[in-house]
Amino acid sequence: MVRMLAGQRMAGRIVETEAYVGVRDRACHSFKGRRTPRNESMYASAGTFYVYFTYGMHFCCNVVCGEVDEPIAVLIRALEPVDGINQMRTHRDNRQRHALRETDLCSGPARLCQALGIARPENGLDLITSPNLWIEPASEAARLRDIRCGPRIGISTGNVWATRLLRFGLRDHPCISVPFLATRRAPRIAS
DNA sequence: ATGACGATTTACT
DNA sequence: GTAAATCGTCATA
């Protein structure tokens with residue numbers, strides 16, 4: 001994931017994500033086809049950026065994945081800082097009491113948005129054409145056998161959607177927000 | 001108009 | 001481990 005800000009380049013390797021699979025998913029903002037000003041960008045074309053504000057203080061970001069009017073998205077949960085680490089650190093330390101380890105700069109959905117300067121203005125951006133924010137192939141592709149899956153984080157609704165294995169990440173990576181408990185390899189295709 | 005809550009993070013005991 | 005921070009959003013009335 002690459003971010004241009006103030007003429008400088010920041011980049012991080014995506015090491016953790018969660019899937020939000022649309023109108024049937026109780027934990028998804030578009031559950032039951034709910035369409036509001038907040039989640040409007042979920043209904044746009046694949047490659048659209050969906051940024052939302054939560055807990056009165058945090059932003060989190062998603063990549064929209066479905067067809068137009070099919071509100072499916074992937075939450076970006078953690079990055080391994082690669083480029084522009086000093087700028088990331090500045091954004092994070094500014095609001096912080098103690099200096100941060102590099103592995104903590106982007107190890108959470110709100111942390112990475114803070115580090116990359118992602119907030120309300122970035123909601124609805126087209127990641128395919130934007131000069132300021134895009135996703136490109138990693139220098140080295142992850143091996144499927146190194147990808148773990150597990151339940152999504154912070155889903156409170158007591159039903160099957162809280163336990164489905166829709167969080168994915170790189171095995172034992174130090175920048176993951178929460179460790180994967182059981183050793184479950186990701187399926188070839190997430191259903 | 002109102003109130004309950006949230007796809008989180010941080011500090012403190 | 002527990003709790004506070006902090007406010008936009010949305011369902012309900």
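Labels below follow one simple rule: chain letters A, B, ... track the order of the sequence lines, proteins then strands, and each chain is numbered from 1. Not measured: the values here are computed from a predicted model.
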Notebook entry, point to check: Do A/R167 and A/V178 come within less than 4.5 Å of each other through their side chains, counting heavy atoms only?
Noted result: yes

Next item on the list: Please report, rounded to the nearest Å, how far the P atom of C/dC10 is from the CD atom of A/E40.
Entry: 11 Å

Next item on the list: Would you mind reading off the distance between A/F53 atom CZ and C/dA5 atom C1', rounded to a whole angstrom?
Entry: 11 Å

Margin query: Would A/E16 and A/S177 count as a side-chain hydrogen bond (donor to acceptor under 3.5 Å, both in side chains) here? Give the steps.
Written below: CA-CA 8 Å; A/E16 183 188 351; A/S177 66; 2.9 Å; yes

Margin query: Looking only at side-chain N and O atoms, does A/N39 offer a donor or acceptor that is under 3.5 Å from a partner on A/S30?
Written below: no

Check: Between A/N39 (CG) and C/dG8 (C1'), how many Å, whole number?
Finding: 14 Å

Check: Tell me: OH of A/Y50 to C1' of C/dG8, nearest whole Å?
Finding: 12 Å

Notebook entry, point to check: With a non-hydrogen cut-off below 4.0 angstrom, is A/R38 in contact with a base, only sugar-phosphate, or nothing?
Noted result: sugar-phosphate

Margin query: Taking atom types as they are modelled, would you say the side chain of A/Y55 forms a donor-acceptor pair with the base of C/dA5 within the 3.5 Å cutoff?
Written below: no

Notebook entry, point to check: In terms of the angle between their ring planes, are A/H29 and A/Y50 parallel, tilted or perpendicular, with boundaries placed at 30° and 60°?
Noted result: perpendicular

Checklist line | A/T54 side-chain proximity, nearest of B/dG6, C/dT6, B/dT10 | finding: B/dG6

Checklist line | From CA spacing to verdict: salt bridge (charged side-chain N to carboxylate O under 4.0 Å, His left out), A/R164, A/E18 | finding: CA-CA 11 Å; A/R164 284 195 61 180; A/E18 278 176 4; over 6 Å; no

Item checked: Residue A/R34, side-chain heavy atoms: nucleotide from B/dA7, C/dA11, C/dT6 that is nearest -> C/dA11

Next item on the list: Return the nearest nucleotide to the side chain of A/P37; candidates are B/dT10, C/dT6, C/dC10.
Entry: C/dC10

Notebook entry, point to check: Closest approach of A/I176 and A/V15, non-hydrogen atoms and distance?
Noted result: CD1-O, 3.2 Å

Next item on the list: Round to a whole Å and report the spacing from CD1 of A/I176 to P of B/dA7.
Entry: 20 Å

Next item on the list: Supply the members, apart from A/V23, of the Ile/Leu/Val/Met/Phe/Trp/Tyr cluster built from side-chain contacts under 4.5 Å; use none for a lone residue.
Entry: none

Margin query: Against A/I76, only a single residue in A/C113, A/C106, A/C61, A/P109 fulfils side chain to side chain contact (heavy atoms under 4.5 Å, CB included); can you say which?
Written below: A/C61

Checklist line | Nearest to side-chain heavy atoms of A/P109, which nucleotide of B/dG6, B/dA7, B/dT9 | finding: B/dT9

Margin query: Heavy atoms only, 4.0 Å cut-off, all strands: where does A/R120 land among base, sugar-phosphate and nothing?
Written below: sugar-phosphate

Note to self: Wobble G-U and Watson-Crick pairs count when both distances are under 3.5 Å; given that, what is the 5' to 3' dot-bracket string of DNA chain C, with | for pairing to other strands?
What the structure shows: |||||.||||||.

Check: Relative to A/F180, does A/R171 satisfy both conditions: NZ or CZ under 6.0 angstrom from the six-membered ring centre, and within 45 degrees of the ring's axis?
Finding: no

Notebook entry, point to check: How many angstroms lie between atom CG of A/N132 and atom CG of A/L127, to the nearest 0.5 angstrom?
Noted result: 11.0 Å

Check: How many Å lie between CZ on A/F59 and C1' on C/dT9, as a whole number?
Finding: 13 Å

Next item on the list: Answer yes or no: does a side-chain N or O of A/S156 lie under 4.0 Å from OP1 or OP2 of B/dG6?
Entry: yes

Next item on the list: Round to the nearest Å and state the distance from A/M57 atom CE to C/dA3 atom C1'.
Entry: 12 Å

Check: Rounded to whole angstroms, how far apart are NE2 on A/H29 and C1' on C/dG8?
Finding: 12 Å

Note to self: Is there a side-chain contact between A/R92 and the phosphate of B/dT9, meaning an N or O under 4.0 Å from OP1 or OP2?
What the structure shows: no

Checklist line | Out of C/dC10, B/dA7, B/dT8, whichever nucleotide has its closest atom nearest the side chain of A/T36 | finding: C/dC10

Note to self: If you take any heavy atom closer than 4.0 Å to DNA chain B, which residues from residues 68-78 of chain A end up in contact?
What the structure shows: A/L75, A/R77

Notebook entry, point to check: Just wondering, do A/Y52 and B/dA7 stack (centres under 5.5 Å, planes under 30°)?
Noted result: no

